[in-house]
2 protein chains.
Amino acid sequence: MKITIGEIARQASVSKGTVSRVINGKSTVAETTRKNVLAVMKRLGYEPDPVARELSMRTKHTLGIWVGAGENRLSPYFNLIWRALLREMQVRATQVVELPEDISHVRTRFDVVLVFNSDGVDGRLELLRERGVPAVLIGHHPGISCVAPDDMGGGRLAAHSLLSLGHRNLLHLTVACEVQWAQDRADGFTSVLAGSSLPGIQAATVKGEASVLGGYRLMRDAWLQGHRPTGVFCATDEIAVGALGALADLGVQVPGQVSVLGFDGLVELHPGLASVAQNIPAIAHQAVSLALAAIGKDTVRQTIVPVALIEGTTLGPAPKVS
Amino acid sequence: MKITIGEIARQASVSKGTVSRVINGKSTVAETTRKNVLAVMKRLGYEPDPVARELSMRTKHTLGIWVGAGENRLSPYFNLIWRALLREMQVRATQVVELPEDISHVRTRFDVVLVFNSDGVDGRLELLRERGVPAVLIGHHPGISCVAPDDMGGGRLAAHSLLSLGHRNLLHLTVACEVQWAQDRADGFTSVLAGSSLPGIQAATVKGEASVLGGYRLMRDAWLQGHRPTGVFCATDEIAVGALGALADLGVQVPGQVSVLGFDGLVELHPGLASVAQNIPAIAHQAVSLALAAIGKDTVRQTIVPVALIEGTTLGPAPKVS
DNA sequence: TCTGGGGATGAAACCGGTTACAAAGAAGTC
DNA sequence: GACTTCTTTGTAACCGGTTTCATCCCCAGA
């Protein structure tokens with residue numbers, strides 16, 4: 001037999017209302033009754049039924065997560081975000097359900113949805129609007145609440161770091177597919193180079209697959225084709241790890257001859273990797289905050305989470321002129 | 001203003017009860033009233049509130065998923081299972097919530113939990129039992145409902161395939177950490193070798209990391225240490241992919257000189273890879289079936305899902321004696 | 001002493017459904 | 001024609017909480 005609020009009320013000789021007030025602490029309750037009710041609750045091991053609570057409070061305490069088909073769920077980055085979200089939700093006593101690709105027939109048991117930016121985002125946002133469910137996007141998108149890392153600032157940070165270490169011959173390894181974040185990182189990077197008054201800056205960009213293997217190939221092929229950068233900026237840490245592998249195979253010293261700088265800050269991927277680190281816990285925190293704040297209201301807020309440089313051991317001063 | 005069942009009842013000039021009966025189809029309703037009510041529902045775009053329904057039906061239509069910290073969420077295998085589960089849940093109109101590591105303070109908004117087998121499983125199962133929530137495990141465990149692939153049978157299948165292709169000098173690449181599935185695959189494999197009456201069978205086992213890179217190292221090192229198998233059985237496809245890479249780098253022909261057989265059937269990982277394939281959709285289906293069947297009852301059922309051989313292009317007859 | 005204000009509490013409505021039960025007709029049986 | 005039985009439907013209780021409103025009580029101030 002399940003213990004209900006009524007049972008608590010009876011045993012504590014108070015009304016359901018009082019017990020409810022004790023639970024929620026919204027209204028004042030005499031200290032002695034409060035103690036008493038709490039004691040009874042503890043004695044009986046009472047836990048309020050979340051479903052009943054949802055019904056009367058008209059909020060489901062549930063956040064849906066919608067992951068696009070294009071999103072690479074296998075990437076360490078996605079994984080970290082996902083787990084950070086889980087932790088965040090736990091702190092907020094909110095549960096998270098993952099929505100299937102096609103939500104047109106899903107009953108809305110969530111009060112807000114977090115969307116991972118990817119192709120076809122517009123269609124799904126439209127669908128949500130129809131159903132009156134607010135959405136928060138992880139990534140950039142006009143006209144909707146989003147939270148994203150400072151990709152462009154990160155690109156600039158990378159350029160500044162490399163330049164200040166004396167590097168003048170730079171290579172940017174990035175992904176071939178057209179995604180906003182890659183574009184922003186590249187834009188930030190090249191804008192600094194273009195705006196710099198330092199003499200003798202050379203820079204090239206090559207594009208490939210966003211994986212360790214992809215990074216390996218990019219670096220190896222670029223080197224074999226005669227590129228001789230002293231500083232390599234990789235659009236993701238996975239690419240950077242691959243690049244490091246290629247340089248090792250080519251017998252190139254890191255950071256003696258070449259410095260390698262990644263993006264994302266996934267230190268566990270390769271200890272010592274220098275990287276423009278995203279603040280993943282902060283992104284998760286912001287995303288959930290925005291989402292919870294959006295329930296019921298109709299506000300649009302965009303948040304950019306700052307990035308920071310992890311120096312690591314793959315980044316060093318440019319070698320003296322050869 | 002939200003459309004409720006009462007509103008439908010009013011507009012259709014019937015009682016709430018009748019509308020409910022139309023929705024659930026449990027009890028008989030005159031055909032003409034049914035049509036009428038459905039028409040009103042459609043006209044107003046009515047959707048029953050899932051929370052209210054959960055409250056009165058005492059079932060949450062929600063399945064919790066609990067992933068151990070030890071589980072490798074980055075593995076393609078995990079990813080496939082996860083997505084298969086999502087699809088399966090969608091079909092059954094059930095939602096899935098992922099539970100955080102520590103559920104001791106999570107309010108139970110689910111009627112059953114699916115647990116991914118991993119270290120410390122006993123403790124968490126105990127926790128669930130206390131809360132009266134049934135659990136179904138993906139993997140093997142005594143005394144609880146589980147569903148798992150036929151690891152041992154798969155090991156046997158691998159051995160039989162290689163033997164029947166004439167291979168006598170075999171190498172098994174597997175993971176160093178002690179997990180049940182790896183043990184079972186190895187046991188199945190070696191039991192066939194041990195039980196075979198064929199002459200001249202040699203077999204070795206080496207253990208390493210369960211990743212592409214791990215497989216690469218295992219294969220390369222084994223070869224450099226003088227192992228000269230003609231058939232290699234890898235405990236996972238990722239190891240197999242790594243092994244293929246190493247063999248390519250060593251200049252060994254596949255399948256001319258060496259055949260490579262993986263396990264899991266992740267064809268997208270490496271087209272043409274021969275593998276003992278798990279039936280992942282079937283596992284997901286069974287897991288969800290068992291889980292839904294376990295709600296309210298207290299039955300224990302264990303299901304083993306058969307595996308099948310994918311021949312691929314990395315498996316061939318043993319070379320003529322050198 | 002009378003009055004007013006504020007804190008503590010209980011009663012009851014409400015959230016949006018499901019379902020046991022009863023009642024009203026319709027149809028079938030003897 | 002009276003009695004059964006079956007189908008269809010309405011009524012009201014219920015699921016387990018929250019919340020509004022009214023009431024009661026106590027104490028300060030005039």
Side-chain angles (χ1 to χ4, degrees), chain A residues 1-38 40-41 44-62 93 95 107-111 131-132 295-296, chain B residues 1-38 40-41 44-62 93 95 107-111 131-132 295-296:
Chain A
M1 180 56 192
K2 175 159 193 176
I3 301 144
T4 70
I5 202 174
E7 184 61 24
I8 303 293
R10 192 167 320 119
Q11 300 221 15
S13 311
V14 294
S15 70
K16 282 169 54 177
T18 301
V19 177
S20 174
R21 283 184 278 258
V22 168
I23 294 171
N24 298 294
K26 284 295 174 191
S27 173
T28 68
V29 176
E31 191 55 24
T32 58
T33 22
R34 213 178 68 84
K35 282 269 167 53
N36 181 25
V37 169
L38 284 175
V40 174
M41 277 171 44
L44 272 56
Y46 168 75
E47 276 196 54
D49 181 328
V51 176
R53 176 179 274 237
E54 282 162 24
L55 179 59
S56 55
M57 301 211 296
R58 280 168 279 290
T59 166
K60 313 191 183 56
H61 293 289
T62 298
Q95 73 181 351
R107 295 218 165 100
T108 64
R109 275 190 285 230
F110 34 86
D111 6 59
R131 293 173 153 239
I295 298 178
Chain B
M1 177 56 190
K2 177 158 191 174
I3 300 143
T4 70
I5 202 174
E7 183 61 23
I8 303 293
R10 192 167 320 116
Q11 300 221 16
S13 310
V14 293
S15 70
K16 281 169 55 177
T18 302
V19 177
S20 176
R21 283 183 278 258
V22 168
I23 294 170
N24 297 294
K26 284 294 174 191
S27 173
T28 68
V29 175
E31 191 55 25
T32 58
T33 22
R34 212 176 70 85
K35 282 267 168 50
N36 181 26
V37 169
L38 285 175
V40 174
M41 278 171 41
L44 297 173
Y46 168 74
E47 278 196 56
D49 181 327
V51 176
R53 178 179 274 237
E54 282 163 24
L55 179 60
S56 55
M57 301 211 294
R58 279 169 278 296
T59 169
K60 314 189 181 59
H61 293 290
T62 298
Q95 75 180 351
R107 297 213 163 106
T108 64
R109 274 189 285 229
F110 36 84
D111 353 73
R131 293 171 154 240
I295 299 176

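Quick note: numbers below take in every heavy atom, side chains included, and nothing from hydrogens, waters or symmetry partners. Residue numbers start from 1 in every chain, and the chains themselves are labelled A, B, ... in the order their sequence lines are given, proteins ahead of strands.
Ion pairing of B:D111 with B:R58 is absent here, as no side-chain N (NZ or NE/NH1/NH2) approaches a carboxylate O to less than 4.0 Å.
Computed from coordinates, the A:R109 CZ to C:dG16 C1' distance equals 15 Å when rounded to whole Å. Protein atom CD of A:E31 is 16 Å distant from nucleotide atom C1' of C:dT9, rounded to whole Å. In this structure, A:K26 places its NZ atom 18 Å from P of D:dC21, rounding to the nearest Å. As a whole-Å value, the separation of B:N36 CG from D:dT8 P is 15 Å. Rounded to an integer number of Å, the gap from NZ of B:K60 to P of C:dG17 is 19 Å. To the nearest angstrom, C1' of C:dT18 lies 16 Å from CD1 of B:I8. Per the geometry, CD1 belonging to A:I5 stands 12 Å off P belonging to C:dG10, to the nearest Å. Summarising the geometry, the separation between NZ on A:K35 and C1' on C:dA8 is reported as 17 Å, rounded to the nearest angstrom.
For the pair B:S20 and C:dT18, the criterion of a side-chain N or O lying under 4.0 Å from OP1 or OP2 is met. Between A:T33 and C:dT9 there is a side-chain N or O to OP1 or OP2 distance below 4.0 Å.
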Evaluate A:Y46 against A:V37 for side chain to side chain contact (heavy atoms under 4.5 Å, CB included), listing each step before the verdict.
CA-CA 11 Å; A:Y46 168 75; A:V37 169; over 6 Å; no
| task | Give the intermediate values and the outcome of side chain to side chain contact (heavy atoms under 4.5 Å, CB included) for residues B:E54 and B:T59. | result | CA-CA 5 Å; B:E54 282 163 24; B:T59 169; over 6 Å; no
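Taking 4.5 Å as the limit, some side-chain heavy atom of A:H61 sits within range of a side-chain heavy atom of B:R109. Side-chain atoms of A:L55 and A:V51, non-hydrogen and from C-beta on, never get closer than 4.5 Å to each other.
Across A:P48 and A:I23, no two heavy atoms sit closer than the pair CG-CG2, 4.5 Å. Considering every non-hydrogen atom in both A:M41 and A:I8, the closest pair reads CG-CG2, 3.8 Å. Heavy-atom minimum distance, B:A9 versus B:S15: CB-C, 3.7 Å. Nearest heavy atoms, B:A12 versus B:V40: CB-CG2, 3.9 Å.
At a cut-off of 3.5 angstrom, counting only N and O atoms as typed in the model, there is no donor on one side facing an acceptor on the other between the side-chain of A:R58 and the base of C:dG16.
Within residues 10-19 of chain B, the residues approaching DNA chain D are B:S13, B:V14, B:S15, B:T18, by heavy-atom distance under 4.0 Å. Contacts between residues 44-57 of chain B and DNA chain D, defined by a heavy-atom separation under 4.0 Å, are made by B:L55, B:S56.
The 5' end of DNA chain D is approached more closely, in terms of each residue's nearest nucleotide, by A:T4 than by the other of A:R21 and A:T4.
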